[in-house]
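First the structure, in the form of structure tokens, and then the observations on it.
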2 protein chains.
Amino acid sequence: MATLKDVAALAGVSVKTVSNVVNGYAFVKPENRRRVEEALVSTGYRPNLGARNLRRGRTGFVALVLPELVVPYFAELAGLVLGAAQEREWNVLIEQTLGTREGERDTLASLGPHMIDGAIVSPEALQARDFGELAPGIPVVMLGEHSVDLPIDHVGIDNVEAARAAVAHLVGLGRTRIAAIGAHPHRGTAAQRLEGYRLALAEAGLPVRDSLVATALNYHRRDGAEAMARLLAADEPPDAVFCFNDLLAVGAVRAAAERGVRVPADVAVVGFDNTEEGAYSLPSLTSVAPDKAAIARAAVDLLRRRVEDPERPPEHVRTPFSLEIRDSTRSGA
Amino acid sequence: MATLKDVAALAGVSVKTVSNVVNGYAFVKPENRRRVEEALVSTGYRPNLGARNLRRGRTGFVALVLPELVVPYFAELAGLVLGAAQEREWNVLIEQTLGTREGERDTLASLGPHMIDGAIVSPEALQARDFGELAPGIPVVMLGEHSVDLPIDHVGIDNVEAARAAVAHLVGLGRTRIAAIGAHPHRGTAAQRLEGYRLALAEAGLPVRDSLVATALNYHRRDGAEAMARLLAADEPPDAVFCFNDLLAVGAVRAAAERGVRVPADVAVVGFDNTEEGAYSLPSLTSVAPDKAAIARAAVDLLRRRVEDPERPPEHVRTPFSLEIRDSTRSGA
DNA sequence: CATCGTTGATACAACGTTGTAAACCGCCCG
DNA sequence: CGGGCGGTTTACAACGTTGTATCAACGATG
């Protein structure tokens with residue numbers, strides 16, 4: 001593997017001059033520049049990033065910490081972050097926490113302070129305040145959970161508003177027994193979506209019944225199916241369900257189908273995340289659609305600014321969302 | 001950030017002694033060892049991996065190169081590789097090629113030789129032989145495509161056999177006009193699955209009709225839907241479809257539903273990859289189920305052995321598969 | 001007592017890169 | 001003609017770590 005030294009020897013100049021050419025330093029005699037460039041090509045020189053970063057004190061790596069890649073929302077998001085980071089010449093290290101608190105702690109601890117220039121974290125169990133101690137001095141941008149009181153950069157949609165819009169849509173269909181699937185004791189986003197759900201019901205003059213709020217400890221298809229089964233088995237089953245993500249909704253739709261309950265005729269279903277899976281499922285899924293590309297771009301951008309100036313005041317970026325209406329809430333279907 | 005030097009100063013020993021303690025060198029006086037360990041804890045020392053790797057000539061990073069994370073099969077696989085690599089104390093760099101030849105070339109080129117100890121590559125457009133020139137000297141393990149003639153480690157299922165089993169299953173249902181969706185001019189796996197499809201038809205004494213083989217330039221839901229639409233619009237539409245992955249199958253099912261064609265009554269559908277999405281879709285999808293965990297483990301293991309001994313002869317690991325039979329091919333449903 | 005081997009500790013160099021400061025060149029100006 | 005100045009190049013040190021060689025101390029051996 002060719003190093004600067006080899007190139008320098010071949011071009012008959014010093015190592016530093018080669019380094020200067022590589023880094024685009026202006027004052028290099030054209031003649032030398034030509035010779036160096038020739039030597040660079042003929043040796044196939046590639047900088048040793050480890051050495052460069054050791055010298056510069058940066059690594060060029062960013063961590064993307066998220067619960068699980070098998071959750072389509074995170075897979076889509078990861079893809080977009082990868083793309084956005086590529087433009088900034090960052091390499092992305094994806095870490096899965098599996099949603100457990102230990103997983104998140106381990107991940108952040110094991111990354112070590114030297115490995116990464118910063119991290120984009122989509123927390124699930126972890127409280128935001130844990131970050132200070134776990135990743136001391138590492139620039140962090142948080143996704144999803146909204147925690148205004150903490151001095152940490154943050155990107156996300158307005159979960160309360162989004163949930164309210166989703167439930168308002170169900171209200172608009174004339175549904176009155178609207179359930180929610182996805183309540184969770186420790187998840188910030190869950191609390192916010194539940195809040196939006198309650199607000200929408202209150203605005204419509206509908207009662208908020210505990211029996212219609214289903215907890216889901218994970219947000220997988222299986223959890224949605226189980227929750228829906230419980231709801232349908234109850235005395236007064238719902239005529240609409242707002243699920244806190246698309247996977248829960250997919251599970252809910254399946255559980256309904258298995259029991260001969262029609263969607264949307266008997267139960268209308270709204271999901272969250274607007275994954276492609278939901279758009280293709282039968283019936284296609286109405287879903288809250290966060291602008292994932294905007295989230296990814298904003299997160300990478302915020303992290304870049306934070307890395308460049310660690311002292312700047314933390315920023316909260318609110319990205320837009322919309323409601324994609326599909327067959328699972330269309331009466332015609 | 002504490003360095004060896006800081007720890008050494010605090011413990012009153014030399015830098016090297018601290019290094020020896022950190023690396024578990026045997027001959028350190030118990031007294032000194034104790035002092036060093038104390039200092040390590042109190043300074044919260046974490047080795048600078050960049051420096052360590054610079055010295056050792058290894059990076060501790062492995063690349064996982066795949067087409068797209070939004071394809072559930074790759075997301076699932078990535079999650080499993082992440083897990084398997086973690087046990088080996090490797091960090092995984094996930095790179096998306098977006099399935100284009102340029103993407104794959106760029107990715108491999110940009111990683112550079114210094115960045116990674118090796119790569120696990122799931123090629124799509126790229127020909128296997130391109131790797132030699134693109135990543136000279138980098139240990140590579142290939143996934144999926146079977147290319148016995150090349151001196152590269154390889155992990156995958158027997159695609160011909162798997163496809164044959166899937167189509168044989170459809171034959172067993174009494175279907176006679178069995179279509180295939182997913183033919184592709186440049187994809188090795190596509191060619192193999194098509195081969196298995198042909199074999200199964202031949203064994204059953206059924207003709208192979210070109211009009212029943214649908215090309216898909218990508219393997220997304222949309223492509224499956226479009227291909228299915230073409231097949232259904234033809235003079236003699238199929239009574240069964242073998243899709244080369246689950247996404248194509250999901251799209252195909254949707255296209256059928258939109259045209260009032262019932263699955264499986266009118267058309268039975270088999271997918272490939274056994275993704276969770278398929279298991280929960282309506283109807284649930286019969287699918288060829290590669291043992292993804294085994295693939296991930298084998299790939300990481302093979303790469304580790306290759307890194308440790310670059311001279312060993314290349315190995316081809318054949319991982320098992322099964323056929324998961326679900327509603328999309330069950331007559332009762 | 002001289003020699004040797006073992007244990008324990010250290011100094012030094014090196015990995016490949018880049019920032020700093022100094023040196024060199026030619027040229028213009030006083 | 002000496003001093004200064006901008007352009008151009010270079011030597012050197014440093015980033016944090018670890019392999020090699022060296023060295024000191026010690027008890028055992030001949």
Side-chain angles (χ1 to χ4, degrees), chain A residues 1-40 43-61 89 91 111-117 137-138, chain B residues 1-40 43-61 89 91 111-117 137-138:
Chain A
M1 216 57 272
T3 72
L4 284 184
K5 206 160 109 183
D6 304 326
V7 180
L10 185 60
V13 296
S14 79
V15 171
K16 191 65 218 276
T17 298
V18 180
S19 169
N20 285 337
V21 170
V22 170
N23 291 21
Y25 183 65
F27 301 121
V28 178
K29 242 197 298 193
E31 163 65 9
N32 278 346
R33 179 179 298 275
R34 199 189 49 74
R35 295 244 302 277
V36 169
E37 273 162 358
E38 229 171 71
L40 283 174
T43 55
Y45 171 80
R46 315 235 91 212
N48 181 324
L49 299 174
R52 170 180 288 176
N53 294 329
L54 171 61
R55 185 60 241 236
R56 290 196 184 157
R58 296 242 176 116
T59 69
F61 287 98
E89 309 221 304
N91 281 94
L111 283 173
H114 305 291
M115 195 90 100
I116 53 173
D117 295 339
I138 294 190
Chain B
M1 216 59 271
T3 71
L4 283 184
K5 206 160 112 182
D6 304 327
V7 179
L10 185 59
V13 297
S14 78
V15 172
K16 191 63 217 282
T17 298
V18 180
S19 168
N20 284 339
V21 170
V22 170
N23 291 20
Y25 183 66
F27 302 122
V28 178
K29 239 199 297 192
E31 162 66 9
N32 278 347
R33 180 180 297 274
R34 198 187 51 71
R35 295 243 303 278
V36 169
E37 273 162 359
E38 229 170 72
L40 282 173
T43 54
Y45 170 80
R46 314 234 93 213
N48 181 323
L49 298 175
R52 171 179 288 178
N53 294 329
L54 171 60
R55 184 60 241 235
R56 295 217 251 235
R58 296 245 175 114
T59 69
F61 287 100
E89 309 222 304
N91 282 95
L111 284 172
H114 304 292
M115 194 89 101
I116 52 173
D117 294 340
I138 294 189

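All values below come from the heavy atoms of this structure, side chains included, with hydrogens, waters and symmetry mates left out. Computed from a prediction, not measured in an experiment: that's the story for all the values here.
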I'd like to check the side-chain hydrogen bond (donor to acceptor under 3.5 Å, both in side chains) partners of B/S14; sequence neighbours left out, ordered by chain and number. B/T17
Counting only side-chain nitrogens and oxygens, does A/T17 get under 4.0 Å of the OP1 or OP2 atom of D/dT10? yes
Protein heavy-atom contacts under 4.0 Å, written 5' to 3' over nucleotides 15-25 of chain D as B (base), S (sugar-phosphate only) or - (none), form the string BBBBBB-----
A/T3 side chain near A/N48 side chain, heavy-atom distance below 4.5 Å: no
Atom-pair distance (CZ on A/F27; C1' on D/dT9), nearest Å: 13 Å
Given B/E31, which partner from the list B/R33, B/R35, B/K29 fulfils the salt bridge (Lys or Arg N to Asp or Glu O under 4.0 Å) test? B/R35
Distance, rounded to the nearest Å, where A/Y25 contributes OH and D/dT8 contributes P: 9 Å
What closest approach, in Å, do A/I116 and A/T59 show between heavy atoms, and which atom pair accounts for it? CA-OG1, 3.4 Å
Of D/dT8, C/dT10, C/dA9, the nucleotide closest to the side chain of A/K29 is D/dT8
Pairing residues for B/R56 by the side-chain hydrogen bond (donor to acceptor under 3.5 Å, both in side chains) criterion, not counting sequence neighbours: none
Salt bridge B/E37-B/R34, side-chain N to carboxylate O under 4.0 Å: no
I need the CG-P distance between B/N32 and C/dT7, as an integer number of Å. 17 Å
